[in-house]
Structures are given as structure tokens and as C-alpha cells.
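This report concerns only the one structure given below.
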Amino acid sequence: MRAPVLASENLGLIVDNTQLLDAIETKFAKPEVTAIIGPNGAGKTSFLRLLAGITTPTNGSITINDRALGSISPRERSRMIGYLPQSPSLAWSIPVKDVVSLGRFAFGGAPGTLNADECAVVEQAMMTCAIDHLANRSSTSLSGGEAARMHCARLIAANTPIMLADEPCASLDPFHQHTVMQILARQAQSGKTVIVVLHDLNLAYQYADRCLVFDHGRLISDGPAKSVLTSETMKSTFKVDIIKTTEGIMVRPRS
């Protein structure tokens, strides 16, 4: 099945008289991992929320297969685009399997009401994220790494062709950072379009097929990750130097 085409054209966002995004034009049409990188306040999260349909642009447009995102019902949109927000939280303690089951909500499923097929999808998502042994644990009793994998499982359970994740590796130790990125990379390999906001340049270098670099609300670079993550771009955007190695990249303060 061909991946849906998610595109932005002349996209802009103004909040409280501040231009957060300006003239963003790009397209996502492949089953690949795209990393969105940039300094704090560059517009990364704002852009992801626009793609998810959570925020309405001030100007420009977002389309899926040439259909305006705003014209698509929330339920249909949720079946096309899965969204994992930054630092997701839960209002109350429920079992891990019920959190993951929420991924089926757009398809009519809810915790305690899933049929056998829906339960199988949820079970597979938990197995994919190696949390099936935690199914009956309280969601609020998990470690940071376990909680990150639980929320990834919820995203995977939705089985949407487009997956958006906002800093899914934040506050995780190196092992769990790589675990989460490996999970997302496998989703892309299975045919999903994965778009992820990252602050760790080395994770972007190792796992992303493509990188978008944002700075001051503008898209300043877009291309293959290993071509975009260059010393020149990193110096001008992040004020750091990078050294490429056989294993990835090293980042150090600008000399």
C-alpha cells in the first residue's frame, strides 16, 4: 500500500503576535523516519501539532492526499495520523494494557470493550515494545523507560500509516533512548511514515532517514540525515561542532 502524502504549503503560525512558524513547505510521502531537529523555541513542537491537526495554522495549508486536513473529521484523522505528545501524562492510574488499548479508540475500541481481533492488536503492540509482561501493572508505577515504551505501544496499537512523536526519548537513559528509536525505526521499515522531534543529534544521525532542521520558525534544511547533519549546519544552527565517527557523531561546544 502506498504511503499517504502529508504535505504543508506556505504554513505559518502566529500566537500572541509572535511568529512561531513561517512559510513551511515540505512533504512526507515515504515509509521512513524523519527527524525534526533545531534549537529550543525553533518551532518543532508547533509544527508537529499542526501536522496532527491539534493546532490550526494562521496561514497556509496542510493536506493528506490533497485533502485539507481541516476538512477531515477528527475520527478519520485519528485513523490516519497517530500522535505521541511530549511528556504524555495520565489523569489516573489504570493498567498498562488499558493505556495501550486507548490506541484503538478511533476505531471504536475502548478498554474493556475490545473484541478478540482488537485485543490481539493491543497484545502485539505490547510485545513489540517489550512490555507485555507489564500488562496488568498500574501505569503510574512504571519507570521512565517502561512508561515511554507503554506510550509507544499505544501509538503502535493505533496502526496509523503516519506516526508523529514529540521528543519520545526525553529524560530517558541511553539504553532506553536507543530502545525507543529502534521501535520507531522498525515501524518505518514495516511501511509507516514516522516523524519524530529529537534533541539528540546522534540519535537523529543513527536512526533518521531524513532530517528537517528548524531555526527561528523557519525550515532551513531538509534532506537525507547524514547529508543534513554537517559541521556547517550544526555550527550555524546549534553553535556546536560535530565529529563524525564510524558509530555516529560526537557533539562538542563550538571552538
Side-chain angles (χ1 to χ4, degrees), residues 3-15 18-64 68-70 72 74 77-89 103 106 148 151-152 154-156 158 160-172 177 180-181 183-185 187-188 192-201 203-204 207-223 225 228 237:
V5 178
L6 177 65
S8 68
E9 183 175 349
N10 194 36
L11 194 65
L13 179 65
I14 299 174
V15 177
T18 301
Q19 184 90 47
L20 299 184
L21 293 169
D22 185 22
I24 308 298
E25 302 218 5
T26 190
K27 182 181 294 185
F28 307 92
K30 294 181 179 180
E32 62 184 2
V33 176
T34 298
I36 300 177
I37 63 174
N40 291 335
K44 305 180 297 297
T45 291
S46 295
F47 180 60
L48 208 68
R49 287 173 61 86
L50 287 171
L51 293 181
I54 296 170
T55 305
T56 301
T58 304
N59 57 270
S61 64
I62 298 173
T63 58
I64 300 181
L69 188 65
I72 302 172
R77 188 169 64 235
S78 295
R79 293 181 176 188
M80 302 172 74
I81 302 174
Y83 174 65
L84 178 60
Q86 187 178 147
S87 303
S89 60
H151 290 296
C152 278
R154 175 181 174 179
L155 181 65
I156 290 168
T160 54
I162 299 170
M163 304 172 71
L164 311 178
D166 192 358
E167 294 193 44
C169 301
S171 302
L172 297 182
Q177 288 178 0
V180 168
M181 289 306 300
I183 290 168
L184 294 175
Q187 291 301 301
K192 310 287 187 180
T193 297
V194 178
I195 306 169
V196 54
V197 171
L198 291 173
H199 273 297
D200 190 311
L201 301 181
L203 290 177
Y207 292 101
D209 302 295
R210 174 187 175 194
C211 269
L212 307 185
V213 183
F214 280 69
D215 194 15
H216 294 96
R218 299 189 67 89
L219 177 58
I220 63 171
S221 187
D222 178 357
V228 168
T237 305

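All of these numbers come straight from a predicted model, not from anything done at the bench.
- Using a 4.5 Å heavy-atom threshold, the side chains of Asp222 and Arg210 count as touching.
- The distance from atom CG of Leu13 to atom OG1 of Thr55, rounded to the nearest 0.5 Å, is 6.5 Å.
- Other residues, nucleotides and ligands contribute over 12 non-hydrogen atoms within 6.0 Å of the NE2 atom of His199.
- Nearest heavy atoms, Gly217 versus Ile24: O-CD1, 3.5 Å.
- In terms of heavy-atom proximity, Leu51 sits nearest to Leu69 at O-CD2, 3.5 Å.
- What you find for Met163 and Ile156 is that their closest heavy atoms are CE-CG1, 3.9 Å.
- Heavy-atom minimum distance, Val5 versus Ala29: CG2-CB, 3.9 Å.
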Verdict with supporting geometry, Asp166 and Thr45, side chain to side chain donor-acceptor pair (under 3.5 Å): CA-CA 7 Å; Asp166 192 358; Thr45 291; 2.8 Å; yes

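- Expressed to the nearest 0.5 Å, how far CG of Leu212 lies from CD1 of Ile36 amounts to 5.5 Å.
- Contact detail for Gln177 and Leu203: the closest heavy-atom pair is OE1-CD1, 3.8 Å.
- The side-chain heavy atoms of Tyr207 and Leu198, taken from C-beta on, include no pair separated by under 4.5 Å.
- Expressed to the nearest 0.5 Å, how far CZ of Arg79 lies from CD1 of Ile162 amounts to 15.5 Å.
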